[in-house]
**Student:** 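Here you go, one structure.
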Amino acid sequence: MQKKELLYEGKAKKLFLTDDDNLIISEFKDDLTAFNGEKKSSESGKGALNNKISTELFKLLEANGIPTHFVEMLDDNHMLHKKVDVILIEVIVRNIATGSLSRNLGIEDGRVLPFTLVEFDYKNDELGDPKLNDQHALILELVEHQDELDKLRRMARQVNDILKPYFAQKGLNLVDFKLEFGKDSTGNIILVDEISPDNCRFWDIESGEKMDKDRFRQGLGGLTVAYKEVLNRILGK
Ligand code: 5GP
């Protein structure tokens, strides 16, 4: 499958049309951004690592009954996937308090939450991805019905129920992550975007070391080494 014209360029990926109206090719870029694009950099090899990690995780989730947009990995930096209408809600799942949860509500960084928290953010860079409640989402017509919000939450919890024990077996705490969903050509809600250390937090269970984009956000260095370690653990190396 060949790339045709550029459909959209985001902060971490370029999306290209293909000969098939129902299929898109994503190119995973090496670019890194944080704080709504205010901090920018690039790390050679980061895009390929995220493509490979996402490919493995989409395959795992599909095998466990979660419908995703994934079709196949084409090469190091390219993934073929279904075309969807993206739902402009970022679904955030948290097992351990850190990041904006700790900042906004004063919950101690590193506190294991008494239950898995699912939150919605409005996917809107101009507004800085603000928090949404269900009524906001319905007023903004980000979905058609309350049922769809319930489904997003249910699917996000199912993803967590699969990924959390999977990563624990590999010596990583799945602290929190962001998921995106879309509607396919038949109107089904499926998981889209990527699942990688760019949008998940992983802490090494033994050392507590951060193995994700916080290495860039917090200027810790060693980002690609950490992403490579996440991939190696997924591959059982
Ligand atoms: P926080 O709200 O603490 O900044 O982020 C919670 C989790 O969601 C983290 O794993 C973070 O990587 C992910 N996340 C939240 N918003 C975004 C976003 O706009 N882009 C990306 N790549 N990840 C996000």
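We count ligands from 1, going down the list as the structure has it; atoms in each ligand are counted the same way.
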**Student:** Mark up the atoms of ligand 1 that fall under 4.0 Å of a heavy atom belonging to D198, in ascending order.
**Tutor:** 12 (O), 21 (C), 22 (N), 23 (N)
**Student:** As an exercise, identify every atom of ligand 1 less than 4.0 angstrom from a heavy atom of F177.
**Tutor:** 8 (O), 10 (O)
**Student:** Taking D198 first and then K11, would you say they form a salt bridge - that is, a charged N and a carboxylate O separated by under 4.0 Å?
**Tutor:**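 No, D198 and K11 are not salt-bridged.
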**Student:** Nearest non-hydrogen atom to atom 20 (N) of ligand 1 belongs to which of E180, E194, K213, K178?
**Tutor:** K178
**Student:** Identify the closest protein heavy atom to atom 7 (C) of ligand 1: which residue and atom is it, and at what distance?
**Tutor:**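 Heavy-atom neighbour on the protein nearest atom 7 (C) of ligand 1: D176 OD1, 3.5 Å.
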**Student:** Does an N or O from S100, backbone or side chain, lie closer than 3.5 Å to an N or O of ligand 1?
**Tutor:**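 Between S100 and ligand 1 (N or O atoms, distance only) the closest approach is under 3.5 Å.
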**Student:** Does only the side chain of N199 get under 4.0 Å from ligand 1, or the backbone, or both, or neither? Count heavy atoms.
**Tutor:**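 Both backbone and side chain.
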**Student:** What do we get for D212 next to ligand 1 when only non-hydrogen atoms under 4.0 Å count, side chain, backbone, both or neither?
**Tutor:** neither
**Student:** Specify the protein heavy atom at minimum distance from atom 15 (C) of ligand 1: its residue, its atom name, and the distance to 0.1 Å.
**Tutor:** I92 CD1, 3.6 Å
**Student:** To which of E119, K131, R217 does the heavy atom nearest atom 11 (C) of ligand 1 belong?
**Tutor:** R217
**Student:** Can a salt bridge be assigned to the pair E180 and K178 using a cut-off of 4.0 Å between side-chain N and carboxylate O?
**Tutor:**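 Counted as a salt bridge, because a side-chain N and a carboxylate O are separated by less than 4.0 Å.
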**Student:** Using a 3.5 Å distance criterion without hydrogens, assess whether the side chain of N173 forms a donor-acceptor pair with backbone atoms of V175.
**Tutor:** no
**Student:** Is any side-chain heavy atom of Q218 less than 4.5 Å from a side-chain heavy atom of K210?
**Tutor:** yes
**Student:** Where does A12 meet ligand 1, judged by heavy-atom distances below 4.0 Å: at the side chain, the backbone, both, or neither?
**Tutor:**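 Within the 4.0 Å criterion, A12 makes no contact with ligand 1.
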**Student:** May I ask you to list the atoms of ligand 1 that are less than 4.0 angstrom from any heavy atom of E90?
**Tutor:** 16 (N), 17 (C), 18 (C), 19 (O)
**Student:** Hey, does the side chain of K213 reach the backbone of T33 with a donor-acceptor pair shorter than 3.5 angstrom?
**Tutor:**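 Yes, because the side chain of K213 sits within donor-acceptor range (under 3.5 Å) of the backbone of T33.
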**Student:** Return yes when R94 approaches ligand 1 closer than 4.0 angstrom through a heavy atom, no otherwise.
**Tutor:**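 R94 counts as a contact of ligand 1 under the 4.0 Å cut-off.
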**Student:** Below 4.0 angstrom, N of the basic side chain to O of the carboxylate: do D31 and K46 qualify?
**Tutor:**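 No salt bridge links D31 with K46.
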**Student:** Please determine if K39 forms a cation-pi arrangement with F216, meaning its NZ or CZ atom is less than 6.0 Å from the six-membered ring centre and no more than 45° off the ring axis.
**Tutor:**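 Relative to the ring axis of F216, which defines the angle, K39 lies inside both limits.
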**Student:** Atoms of ligand 1 less than 4.0 Å from D129 heavy atoms?
**Tutor:**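 Heavy-atom distances to D129 below 4.0 Å select 19 (O).
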**Student:** Contact between T68 and I195 at the side-chain level, heavy atoms closer than 4.5 Å - yes or no?
**Tutor:** no
**Student:** Between E43 and R215, does any NZ, NE, NH1 or NH2 come within less than 4.0 Å of an OD or OE carboxylate oxygen?
**Tutor:** no
**Student:** Closer than 4.0 Å to some heavy atom of G99 - which atoms of ligand 1 meet that?
**Tutor:**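 With G99 as reference, the close atoms of ligand 1 come out as 3 (O).
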**Student:** Among all protein non-hydrogen atoms, which one is nearest to atom 5 (O) of ligand 1, and what is the separation to 0.1 Å?
**Tutor:**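 Among all protein heavy atoms, the one nearest atom 5 (O) of ligand 1 is R201 NH1, 3.5 Å.
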**Student:** Where does the angle between the aromatic ring planes of F70 and F58 fall among parallel (under 30°), tilted (30 to 60°) and perpendicular (over 60°)?
**Tutor:** parallel
